[in-house]
Amino acid sequence: MSPPLLTTDCLHLIFKDFEEDRYTLHSCLLVNRLWCETVVSLLWSQPFRLTRRTPSSKLVQTYINCLDPQVLTDSEKDILEITDNRIPPTFDYPSFLRQISYLDLYNGIAAWFEWYEPWGEVYRERVALVSKLLIYSFMSHSSAFHKLSIETGEMVMVPNNHLNFFSHQGSEICLSKLRQFICIGDFLKADIFAGAAKICKNIKTLFVSPGRVCTSGNRSVPEKQYDSLINLIKGQKSLEYFVIHTCNKSSRIISALLESQINSLVHVEFFKVDFIECVTLAPLAESKKLVTLTFEECSSLENIMEPFVSSSLNRLEKLNFKKSTVRDDVLAALIKNAGSTLSTIYLGPIEIKDVYNPNIVIDLITKYCPNLVDLALDVQRPDLPYLLTLLSFSRYLNKLEIFGSILRIDSLLENFFHALPPTLEHLIINADWHFSANELAIGLENCKARLRSLHMPDCYLISDNHLCVITEYLGDSLQHLDVSYASPSQVTSEGLRKARSIINRVDYVYKEDRKYPTFWNLRYWGEEWVEEPIVDRTFEQWDWENGEEGWYGVDWKK
């Protein structure tokens with residue numbers, strides 16, 4: 001009697017544990033036909049994610065091979081190089097698709113063309129044509145999309161009508177089961193929001209930027225766009241994760257969110273939102289489910305934070321006020337209520353209300369938050385002794401990020417590194433700290449943390465001697481060192497070469513490259529925000545194969 005075989009459902013659950021390991025999955029699909037079919041359906045459910053940092057022309061070619069020549073015009077066949085007698089692929093790959101990002105698709109098509117002329121009319125028309133044909137194929141073959149990202153970064157060459165997935169035939173079925181929807185970029189979104197509001201009722205994660213910047217440079221957002229977004233928000237049965245990015249007219253949107261979704265919201269995040277229009281956040285301050293609360297790079301917070309002074313949020317795991325100014329009494333209430341459940345705290349400048357106790361926030365974190373894993377603080381010299389006490393009580397801290405001004409820290413550096421807990425793996429100092437190589441050696445000699453990454457991009461006085469100390473004491477564990485803007489007179493090519501022979505990645509901006517401006521483009525890769533330079537800084541610094549990663553905000557594995 002032959003042993004019983006695992007069912008397809010069981011195999012699918014097993015293979016999902018190897019979702020990020022395409023090499024293991026490739027080995028599994030060679031076992032037998034059942035394993036092959038199961039692995040193929042999993043690999044092709046979100047294939048662009050596996051080629052995100054290195055767009056694949058072969059992936060796009062596979063999807064082109066799946067197109068039916070009978071529905072293509074002669075000119076389309078010529079562009080796609082499709083003949084009537086071509087052999088179709090073994091599987092109907094578009095039918096497996098469950099997650100798609102327009103930016104991923106666009107980059108894949110650009111790689112398929114093997115040439116790049118972003119402002120050329122021919123290029124623009126051909127990319128638009130291929131993307132339209134492939135999206136139509138995806139919509140007509142896939143039974144359901146679970147995640148959809150309509151995001152263009154800073155691209156302006158794509159016609160607006162091609163971005164509206166909801167206008168394509170088959171969208172009523174394919175997009176009706178959407179769980180995660182992202183719509184950000186410099187384009188009009190009124191019709192997209194309206195189409196999503198009509199079709200989608202079960203979105204759990206919604207990430208939107210309601211505004212846009214016109215090519216003329218003037219902000220012009222039709223009122224219809226806000227109306228459509230409000231209808232989309234109100235139409236969801238139970239929205240759990242809501243993120244709004246770049247918005248100057250937020251009052252109506254936030255009011256609609258809190259009126260319709262307050263009982264289901266678990267994560268609420270505001271990025272670059274201006275709260276000049278007063279709106280009450282009282283329902284949010286009394287939420288029973290809220291786990292994440294973010295106000296990053298937001299302005300006019302003094303208008304809306306009063307309800308949080310008497311809030312009862314006791315389930316918060318993440319509190320983020322990075323690059324936003326907030327009162328100390330607001331932070332005190334939030335920290336006391338959440339206490340040991342808080343694992344992530346990001347704080348920017350703090351408005352001191354209690355002048356007799358200016359370090360009350362750090363004291364309260366030390367007292368009430370023993371389970372911190374990720375911490376970011378704006379630290380000035382008077383704060384350092386309180387920070388050292390906090391670090392000595394942090395048993396699980398994995399990542400520490402420090403902001404601040406120019407600071408001579410020689411005398412405190414040894415105590416600082418000695419206070420770092422053994423669990424710390426990532427240290428980021430976003431301030432110009434001054435210390436000698438000798439003081440650094442003394443500090444690292446007593447450091448219990450085995451750092452995997454050390455970022456000191458603004459420490460101008462870093463020299464070759466500092467690099468030697470870092471490689472001597474951290475070389476066994478350190479994988480990434482960032483000294484981007486150290487003095488060009490102190491860091492030499494030989495010093496960098498020695499450091500790079502030991503540390504896998506060392507970031508540095510060469511003197512001759514500093515006269516050119518550096519522009520950054522925030523891109524959302526489906527699971528995280530990544531900063532990607534549009535103008536390359538240096539040939540050696542840029543990782544041409546894997547791209548340059550940089551955490552922007554939130555972990556999107558929800």
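The figures here come from the full heavy-atom set of this structure, side chains too, leaving out hydrogens, waters and symmetry mates. All figures in this text were calculated on a predicted structure; none of them were measured in a lab.
- Judged by distance alone, with hydrogens and angles left aside, the side-chain atoms of Ser209 form no donor-acceptor pair with the main-chain N or O of Thr246 at under 3.5 Å.
- Looking at Glu297, Glu296, Glu401 one by one, the single match for salt bridge (Lys or Arg N to Asp or Glu O under 4.0 Å) with Lys322 turns out to be Glu401.
- In Lys234, the NZ atom is not crowded: 12 or fewer heavy atoms of neighbouring residues, nucleotides or ligands sit closer than 6.0 Å.
- A side-chain donor-acceptor contact under 3.5 Å links His426 and Ser453.
- Relative ring orientation between Tyr102 and Tyr106 is described as tilted, the plane-to-plane angle lying within the 30° to 60° band.
- The side-chain heavy atoms of Asn248 and Ile276, taken from C-beta on, include no pair separated by under 4.5 Å.
- Of the N and O atoms on the side chains of Ser299 and Asp274, at least one donor lies less than 3.5 Å from an acceptor on the other residue.
- Ion pairing between Lys198 and Glu172 fails under the 4.0 Å rule for side-chain N and carboxylate O.
- Closest approach of Leu265 to Lys289, counting heavy atoms only: O-CB, 3.5 Å.
- Under the 3.5 Å distance criterion, the side-chain polar atoms of Ser142 are left unmatched by any main-chain donor or acceptor of Met139.
- The aromatic rings of Phe48 and Phe138 lie perpendicular to each other, with more than 60° between the two planes, well past the 30° mark.
- Tyr63 pairs in a ring-ring contact (aromatic ring centres under 6.0 Å, His included) with only one of the listed residues (Trp44, Tyr93, Phe96), which is Trp44.
- Between the side chain of Gln225 and the main chain of Lys189, a donor-acceptor pair closer than 3.5 Å is present.
- Arg179 contributes no side-chain N or O that, together with a main-chain N or O of His146, makes up a donor-acceptor pair within less than 3.5 Å.
- Tyr508 and Asp482 share no donor-acceptor pair across their side chains, judged by distance under 3.5 Å alone.
- No more than 12 heavy-atom neighbours from other residues, nucleotides or ligands sit within 6.0 angstrom of CD on Glu81.
- Not one N or O on the side chain of Ser250 forms a donor-acceptor pair closer than 3.5 Å with the backbone of Cys247.
- For the pair Gln236 (side chain) and Asn202 (backbone), a donor-acceptor distance under 3.5 Å is present.
- Under the 4.0 Å criterion applied to side-chain N and carboxylate O atoms, Asp191 and Lys224 are assigned as salt-bridge partners.
- Using a distance-only test at 3.5 Å, with no hydrogens or angles considered, a donor-acceptor pair links the side chain of Ser501 to the main chain of Lys498.
- Listed for the Gln261 side chain is a donor-acceptor partner under 3.5 Å among the backbone atoms of Leu239.
- The shortest side-chain heavy-atom distance between Leu133 and Leu129 falls under the 4.5 Å cut-off.
- Residues Lys204 and Ser238 are in side-chain contact: their nearest non-hydrogen atoms beyond the backbone lie under 4.5 Å apart.
- Glu223 CD: more than 12 foreign heavy atoms inside a 6.0 Å radius.
- Within the 3.5 Å criterion, the main-chain N or O of Phe166 finds a donor-acceptor partner in the side chain of Ser171.
- Under the 3.5 Å distance criterion, the side-chain polar atoms of Ser228 are matched with a main-chain donor or acceptor of Ala190.
- Shown here is Leu72, whose CG atom has more than 12 heavy atoms of other residues, nucleotides or ligands within 6.0 Å.
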